[in-house]
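Worksheet: the structure to be examined is printed underneath.
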Amino acid sequence: MEKNVLRIKQIKLKPDHTAQQLEAAVCRALRLRGDERADFRIYRKSIDARKKPDIRYVYTVDVYAVESGKKRLDPKQAFARCKPEKNAGNASVSLEQLHIYSFPALPEVPRLSERERPVIIGFGPAGMFAALKLAEAGLRPVVYERGEPVDERRKTVEAFWNGAPLNAESNVQFG
């Protein structure tokens, strides 16, 4: 799925700024009038600490629509109407096309035998995500995890942190 947004980069604000100041900076970058509002979400937030003590948050935001009176302008219309400048207050505005990935719908999945079920090794973040997506598709994955069950593993890890020897078969990295 694709969706157009206005992407505003390099909005720089002091660390103690308010949400209203961020909104005002977005409106200023788009050259909106006082009665107009932008429907936006923060895409990225970082800290620029290169010029101490003048530390700034640096935002990149995506604008999904502009409210102008009773009209709602989509990003293309807002970009054309607002004519944002390339470097309005250090913020640069561009029209972007987001590519929103969605998992394809699978056809009816036949019930798999125990030998045919997908196998996932490890239940870390990637293993959990793979198991979730396969289960949602009806494929009933089998997950193998190394080490002790969670309650026993917690005791083993706490003991290690308190000076006990490392249990190579059940520790913080796996198990």
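Not measured: the values here are computed from a predicted model. Counting begins at 1 with the first residue of the sequence.
Scanning for side-chain hydrogen bond (donor to acceptor under 3.5 Å, both in side chains) contacts around D35 gives an empty result, with sequence neighbours left out.
Under the 4.0 Å criterion applied to side-chain N and carboxylate O atoms, R37 and D39 are not assigned as salt-bridge partners. Salt bridge annotation for K155-E158: absent, with no cationic side-chain nitrogen under 4.0 angstrom from a carboxylate oxygen. Classification of E116 and R140 as a salt-bridged pair fails, no side-chain N sitting under 4.0 Å from a carboxylate O.
There is no side-chain donor-acceptor pair under 3.5 Å between Q10 and S92. Inspection of the T156 and E148 side chains reveals an N or O donor paired with an N or O acceptor under 3.5 Å.
Hydrophobic clustering, with ILVMFWY side chains joined whenever heavy atoms are under 4.5 angstrom apart, keeps M128 apart from Y144. Residue V143 is not grouped with residue L132 when hydrophobic side chains (ILVMFWY) are merged at heavy-atom distances under 4.5 angstrom, including chains of intermediate members.
Between L134 and R117, the closest side-chain pair of non-hydrogen atoms is not below 4.5 Å. By the 4.5 Å heavy-atom criterion applied to side chains, P15 and I47 are not counted as neighbours. Between R33 and S68, the closest side-chain pair of non-hydrogen atoms falls below 4.5 Å. Proximity of Y59 to V26: side-chain heavy atoms (C-beta onward) are nowhere separated by under 4.5 Å. Contact of the V63 side chain with the P75 side chain is not registered, since no non-hydrogen atoms from C-beta on lie closer than 4.5 Å.
Judged by the 6.0 Å distance and 45° axis criteria, K45 is positioned over the aromatic ring of Y57.
L6 CG to Q77 CD: the interatomic distance, rounded to the nearest 0.5 Å, is 11.0 Å. Rounded to the nearest 0.5 Å, atoms NZ (K9) and CG (D62) are 10.0 Å apart.
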